[in-house]
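Inspection log for the structure reproduced underneath, given as structure tokens.
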Amino acid sequence: MVMGYSLGELSSIFAMQAFAGLILFSVFLLMALGLAIIFGQMGVINMAHGEFMILGAYMTYLTSHGFQTYLPGAYAIYFFVAMAIAFIASGAIGLAVEWLLIRHLYVRPLDTLLATWGLSLIMQQAFRSIFGAREVGVQLPDWMMGALSVTDVIEVQINGLFVMALTLIITGIVALLLFRSTWGLQVRAVVTNRTMSGAVGIDTRRIDRLTFGLGCGIAGIAGSAFTMIGSTGPTAGQLYIVDTFLVVVFGGAQSLLGTVASALTISQSQSTLEFFLSGSMAKVLTLLIVIGLLMLRPQGLFALKVRR
Amino acid sequence: MFDVRNLNVAYGQSDVLHGIDLTVAPGEIVAVIGRNGMGKSTLMKSLIGVIPTKSGHVRVDGAVLTALPSHARVAYGLAYVPQGRQIFGTMTVKENIQTGLVVTGESKVPDEIYSLFPILWEFEKRRAGNLSGGQQQQLAIARALASNPKILLLDEPTEGVQPSVIKDIAKVLKEIRQLRNLCIVVCEQVLSFVLDVADRILVMENGRIVHSDSRDQVDEAAIARFLAV
């Protein structure tokens with residue numbers, strides 16, 4: 001007996017909390033992917049990343065309503081359409097923001113922090129004006145409702161499983177793009193040595209713009225996934241941005257694998273600790289773990305070792 | 001072919017290059033020598049567009065490149081092998097060469113490059129950062145050649161490279177010139193290497209070209225005096 005739970009109960013609790021942690025992991029990872037490639041490529045910390053996610057969530061909300069009104073028969077597949085729309089909307093606005101705002105600030109990297117923070121406030125207010133201050137939710141299609149019972153006490157929700165599968169696929173696509181495409185080749189070259197990349201013929205400014213757009217687009221997909229597990233409000237992005245920063249810094253800014261591992265560590269410790277302690281104590285402990293590990297490994301969890 | 005007229009370059013308020021004139025014909029290897037701090041690397045960096053030009057002209061086949069960013073200059077046929085090689089250490093050898101291929105739109109490394117540098121073919125999948133200094137130098141040259149240049153700029157290619165490999169590099173440079181008939185401009189401090197490869201030798205001092213010799217009438221003693229500290 002531990003804290004009044006029997007061993008069997010305890011292992012079920014761990015399994016359920018681990019599963020809840022995995023859902024959190026999915027959202028963290030989708031957010032962190034975009035943030036990490038943008039930060040790794042151009043050293044810009046996009047404070048508005050959470051708002052790009054929420055933009056994707058609102059797009060999903062709109063699409064679901066569109067389907068309910070005009071195509072109720074096809075509601076089962078609305079999510080896939082919504083995901084594409086969310087990606088395109090967030091990506092397009094990302095491209096525009098890079099062109100209007102970020103590219104003028106590359107010489108002053110710290111100012112991008114301020115500029116994107118201002119942008120996040122503008123976007124929050126725009127959401128509030130357009131969609132209202134109240135949180136909105138989408139109705140899940142029938143096939144995504146319900147749960148699978150693994151044992152009598154352990155249940156896993158189908159929407160959670162779906163979000164995880166989606167995250168795995170998106171991560172796989174990003175990895176493929178980074179390591180197999182010409183865009184990825186150029187991104188990795190620019191990350192290693194920007195000046196030299198220009199001198200071998202890479203248009204670094206163009207790559208910056210593409211990367212920023214893609215990162216924001218992925219945040220839009222994260223927003224789509226987010227609607228499956230939570231309700232969307234104008235400031236919901238703020239709740240996730242800090243944790244996502246933590247994931248990026250902890251994982252090592254240039255490592256995809258590091259981002260995955262650190263998202264997993266942080267989300268799991270968060271969700272397991274949350275069950276036994278209060279939410280804020282869980283946060284304190286998670287932060288302590290991260291700070292402790294970062295003192296031992298300032299470069300993050302995974303950093304490539306080569307001769308310089 | 002490659003024409004530089006009255007090139008002036010400054011770091012902030014301080015002028016570094018004062019009216020450099022340089023013309024290179026296809027198939028010619030020109031060496032620029034001089035002591036440390038005389039502006040050789042600055043010349044190379046301003047030619048490729050890594051640092052801005054204050055005034056003057058850089059032309060390739062009549063096209064004026066002076067105001068263009070470096071990637072656009074590469075598209076016009078300039079290629080650059082920097083001092084200290086600056087290969088992309090975390091990427092594989094093959095990927096390094098592919099970065100040079102970006103402007104051509106190709107993604108397959110031409111056989112010609114691997115036949116010039118067989119060692120790179122052998123180490124294709126290794127991380128470039130784990131190669132030796134000489135191998136990295138060969139990789140930097142291969143990466144520059146991948147963009148199919150008309151003019152190849154090399155900044156101190158012998159630095160940190162063992163003597164036997166220095167001979168190889170000299171041989172390869174002459175081979176490339178033969179194969180592709182391109183202009184080669186090389187900055188150096190090692191006189192033996194320069195005498196081995198160059199058709200024409202320019203001496204640089206305090207941001208000016210102060211002496212010029214073609215190889216058949218080179219006065220080795222006079223040039224050695226310029227290099228002496």
Side-chain angles (χ1 to χ4, degrees), chain A residues 36-37 39-43 98-99 103-104 106-107 174-211 251-259 299-308, chain B residues 44-51 68-92 94-107 126-133 135-136 139-149 153 155:
Chain A
I37 55 173
F39 180 64
Q41 147 101 10
M42 34 197 157
E98 202 276 347
W99 189 72
R103 76 183 168 124
H104 304 292
Y106 283 130
V107 281
V174 171
L176 265 182
L177 278 175
L178 265 180
F179 291 99
R180 290 284 175 272
S181 77
T182 325
W183 167 78
L185 182 85
Q186 297 179 63
V187 166
R188 284 179 295 137
V190 175
V191 168
T192 328
N193 188 336
R194 175 172 289 266
T195 311
M196 200 51 224
S197 298
V200 297
I202 294 171
D203 186 346
T204 53
R205 285 289 141 90
R206 195 179 136 261
I207 295 298
D208 285 348
R209 190 158 313 142
L210 282 175
T211 305
Q254 293 172 13
S255 162
L256 198 62
L257 197 66
T259 306
Q299 71 276 41
L301 280 182
F302 293 87
L304 285 172
K305 283 192 243 14
V306 285
R307 295 207 304 205
R308 295 265 165 209
Chain B
M44 290 307 209
K45 284 181 189 164
S46 69
L47 290 180
I48 190 66
V50 168
I51 54 175
L68 296 178
S70 46
H71 72 89
R73 296 189 189 209
V74 174
Y76 272 103
L78 280 178
Y80 174 54
V81 180
Q83 186 170 22
R85 305 175 281 272
Q86 302 196 22
I87 43 107
F88 304 115
T90 53
M91 295 162 70
T92 66
K94 186 181 171 191
E95 288 170 341
N96 265 276
I97 303 175
Q98 282 173 327
T99 59
L101 286 171
V102 168
V103 282
T104 65
E106 298 281 317
S107 61
R126 286 207 196 174
R127 277 194 209 289
N130 296 334
L131 299 185
S132 75
Q135 289 159 352
Q136 289 188 355
L139 178 57
I141 298 174
R143 180 180 64 180
L145 286 177
S147 63
N148 232 339
L153 309 168
D155 195 352

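Naming convention: chains lettered A, B, ... in sequence-line order (proteins, then strands); numbering from 1 in each chain.
- For A:Gly201 against B:His71, the heavy-atom pair with the smallest separation is C-CB, 3.7 Å.
- The environment of A:Tyr106 atom OH is dense: over 12 non-hydrogen atoms of other residues, nucleotides or ligands sit within 6.0 angstrom.
- Of all the heavy atoms in A:Val200 and B:Val74, the pair that sits closest is O-CG1, 3.8 Å.
- B:Ser107 does not touch chain A: none of its heavy atoms, backbone or side chain, sits under 4.5 Å away.
- In terms of heavy atoms, B:Phe88 sits closest to A:Thr192 at CD2-CB, 3.9 Å.
- The two residues B:Arg143 and A:Met196 come nearest to each other via the heavy atoms NH2-CE, 3.3 Å.
- In terms of non-hydrogen atom pairs under 4.5 Å with chain B, the most contact-rich of A:Asp203, A:Ile202, A:Asn193 is A:Asp203.
- Within a 6.0 Å sphere centred on CZ of A:Arg103, other residues, nucleotides and ligands contribute more than 12 heavy atoms.
- You'll find the side chain of B:Thr99 reaches within 4.5 Å of the side chain of A:Leu185, heavy atoms only.
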